Amino acid sequence: MKVVIVGGVAGGATAAARIRRLDEHAEIIIFEKTGFVSYANCGLPYYVGDVITDRAELTLQTPESFWSRFRIQVKTRHEVTQILPDQKKVLVRNLETGDAWSETYDKLILAPGAKPVRPNLPGIDSSRIFTLRTVEDALRLHDQVDVQGARSAVVVGGGYIGIEAAENLRARGLDVTVVQRPKQLMNTLDFDMATFVHSELRRHGVSIKLGSSVTGFEETGGQILTLLDGEDPLPADMVLLAIGVAPDSSLAKEAGLKLGVKGSIVVNDRMETSAPDVYAVGDAVQVTHQVTGADAVIALAGPANKQGRIAADNVCGGDSRYKGSLGSSIIKVFDLAVASTGLTEKAAAAAGLHADSVVLAPSSHAGYYPGGTVLTMKVVYEQETLRLLGAQAIGREGVDKRIDVLATAIQAGLAADALKDLDLAYAPPFSSAKDPVNMAGYMIENLSSGLVRQYHWEEVATLPRDGSVTLLDVRTAPEYEKGHIEGFMNIPLDELRDHLAELDPANPVYVICQSGLRSYIACRVLSQNGFDCRNFSGGYRFYASVTQEQQIGASSYPCGMEK
């Protein structure tokens, strides 16, 4: 059997190695048009930032090591220019010599990946504009800082690559501005959670321009101007385009293969395309979202590696199946870890799901053990069925294990309130006896059983201040003095029972505290004394982050708040 693989990064390299482990006698050839194979896309920003200083560390294998260990032919700087499915051939060109020929195959695996989006804007071909997708891209970007002496950069786009590049360029001492047309960074988060990312970037000196549209670029005086619609241009020494990637499916399209969402290659759960004996894996393929069942494109390394293994199994006569993607991801943003899985609340609404969420801010480990930090979590679920839909987590430690547990729970089909029953590891340096994931389950159980009701940050501005409702802050007096929401009276939780007679039992009571725990206890006290009570989801710390981001630059203090 002769197997030709187009693309030698995550999916292609994984498929090749797996085929060899299953079939010692197969002839395997990888064609990779860049100069590197099996390289770590996700590590490229950290090479630019000098966190990874040896570029050899970016490549997991070389053509020589592939041959030595696996007897796999890897031909870098070779581009497949055409696929002829009816003849079971591909046309190949050596980019170094210009030589071209046809290569036959018994099985073909397409792993072309994705390519950076480059909009057709004036000045887009400037040599001062960069992308970051390949090792060569990282080397050019690194050289622009080290050799050319760039001291300022505009990053266009606020996704994974844009944020990681901004962090690493800032770590090299550059003045960095991130420009984003949507009014938040990271569309894998809801706006309220993204505000913590915005704050962290600004805290480390990265400027952010949200809701700004780039209209073009212009070189002037040794710099490049990023032109904005209705705003002053941004001068810098360089620009990094990071506005997203698109499936690199031109070969598949020209060969007549069926295409799907965003021009991605349509495959079945065996990773088979519409052409016989042609498989496709990685960032170029259409997948099924595990929560919605809808077609999607999810460009992440984990799914690409799984798909490569599945395609290899089936090439070798097996029957492996890909079960779809959740989009689980995590990113470092200076001192924070930011992770998500499944659907955001916004995406759930767009999918027509009746979703609700709980927001909690527990310590990353037992409070009495030194070094604990706040972990902010948002868990999204379907109200009627309690089906888990997604989760987001942000903090300095413990983020990865919580999001992985939640991703596992979603894939396993656990109900949201069943999170309370998970038997999770505990010791004071690592967690609490009630892990944050368990706490989310308790909160959802309380809501679903009617033990408590909640309200969210976007409802606060609509609450009447005419005395028809009681707005109550149950934090301590010093906490309240440091900052509170306009119209909320202060009765500390420990004094609440002594002041019940001062509250009108005919009024609904809206309660808030710092994190949501004390206000929940207050609601239980109030409810059992005849009051109609609602607990604020996330607490004052969460509210302050969201509203301050809404009003950044307009006021010294968040909207609706007093010093």
Side-chain angles (χ1 to χ4, degrees), residues 2-17 19-20 26-41 43-44 47-48 52 54-84 87-105 107-116 118 125-127 129-144 146-148 245-255 280-284 304 308:
K2 181 178 180 180
V3 183
V4 170
I5 300 175
V6 181
V9 191
T14 295
I19 291 169
R20 176 57 75 225
E27 180 184 0
I28 308 168
I29 306 174
I30 297 176
F31 293 112
E32 167 59 45
K33 64 182 177 182
T34 75
F36 298 85
V37 68
S38 190
Y39 57 84
N41 292 90
L44 299 180
Y47 177 75
V48 174
I52 299 170
D54 183 357
R55 76 180 194 182
E57 295 294 328
L58 296 173
T59 52
L60 307 177
Q61 296 282 353
T62 65
E64 293 76 19
S65 65
F66 256 115
W67 178 255
S68 297
R69 179 161 295 180
F70 299 110
R71 289 301 187 266
I72 293 171
Q73 299 179 60
V74 176
K75 297 183 180 293
T76 56
R77 300 287 296 156
H78 282 67
E79 181 179 14
V80 172
T81 59
Q82 191 175 357
I83 303 168
L84 303 171
Q87 302 177 43
K88 301 192 81 167
K89 289 181 181 178
V90 295
L91 304 185
V92 185
R93 183 172 69 247
N94 185 326
L95 298 178
E96 301 285 357
T97 66
D99 294 342
W101 69 95
S102 65
E103 190 80 48
T104 61
Y105 65 83
K107 305 285 185 179
L108 175 65
I109 299 177
L110 303 178
K115 55 189 177 183
R118 292 183 68 95
D125 294 325
S126 168
S127 62
I129 297 178
F130 299 82
T131 56
L132 186 54
R133 184 68 182 176
T134 67
V135 174
E136 287 91 342
D137 290 340
L139 297 178
R140 283 192 291 268
L141 200 54
H142 193 276
D143 180 76
Q144 188 70 9
D146 267 18
V147 179
Q148 304 302 322
V245 295
D248 193 354
S249 57
S250 56
L251 277 176
K253 181 179 181 180
E254 291 168 5
V281 303
D283 295 352

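Small disclaimer: the values here were computed from a predicted structure and weren't measured.
Counting heavy atoms from C-beta on, the side chains of Tyr47 and Leu44 never come closer than 4.5 Å. Residues Arg71 and Arg20 form a side-chain contact, since some pair of their non-hydrogen atoms from C-beta on lies under 4.5 Å apart. A 4.5 Å side-chain heavy-atom check between Trp67 and Val74 finds every atom pair outside the cut-off. For the pair Leu110 and Leu251, the minimum side-chain heavy-atom distance is 4.5 Å or more. Between Thr104 and Lys89, the closest side-chain pair of non-hydrogen atoms falls below 4.5 Å. The side-chain heavy atoms of Leu84 and Leu91, taken from C-beta on, include a pair separated by under 4.5 Å. When side chains are defined from C-beta on, Val6 does not count as touching Ile109, because their heavy atoms never get closer than 4.5 Å. At least one side-chain heavy atom of Val37 sits less than 4.5 Å from a side-chain heavy atom of Pro63.
Considering only residues two or more places apart in sequence or on other chains, Glu103 meets the side-chain hydrogen bond (donor to acceptor under 3.5 Å, both in side chains) condition with Lys2, Trp101.
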Side chain to side chain contact (heavy atoms under 4.5 Å, CB included) evaluation trace for Phe66 with Gln73: CA-CA 7 Å; Phe66 256 115; Gln73 299 179 60; over 6 Å; no
Applying salt bridge (charged side-chain N to carboxylate O under 4.0 Å, His left out) to Arg140 and Asp137, what does each step give before you reach the verdict? CA-CA 5 Å; Arg140 283 192 291 268; Asp137 290 340; 2.5 Å; yes
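Residues Ala304 and Gly282 approach most closely at CB-CA, 3.8 Å, considering heavy atoms. Heavy atoms only, all atoms of each residue included: Ile52 and Gly43 are closest at CD1-O, 3.8 Å. Of all the heavy atoms in Pro112 and Asp248, the pair that sits closest is CG-O, 3.2 Å. Scanning all heavy atoms of the two residues, the minimum distance from Ala56 to Thr59 falls at O-OG1, 3.1 Å.
For the pair Arg133 and Asp283, the salt-bridge criterion is met [side-chain N within less than 4.0 Å of a carboxylate O].
Using modelled atom types and a 3.5 Å distance limit, the side chains of Ser68 and Ser65 yield no donor-acceptor pair.
Between Glu79 atom CD and Leu95 atom CG the span is 5.5 Å, to the nearest 0.5 Å. Note that OG1 of Thr134 and CG of Leu139 are 8.0 Å apart. Values are rounded to the nearest 0.5 Å. In this structure, Ser250 OG and Lys115 NZ are separated by 5.0 Å, a value rounded to the nearest 0.5 Å. Distance check, rounded to the nearest 0.5 Å: CD of Gln148 to NE2 of His142 gives 13.0 Å.
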Donor-acceptor contacts under 3.5 Å from residues 27-35 side chains, at least two apart:
residue : atom : partner : partner atom : Å
Glu32   : OE1  : Gly8    : N            : 2.8
Glu32   : OE2  : Thr34   : N            : 3.0
Glu32   : OE2  : Thr34   : OG1          : 2.8
Thr34   : OG1  : Phe36   : N            : 3.3
Thr34   : OG1  : Phe36   : O            : 3.0

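For Arg118, the CZ atom sits in a packed shell: over 12 heavy atoms of surrounding residues, nucleotides or ligands are nearer than 6.0 Å.
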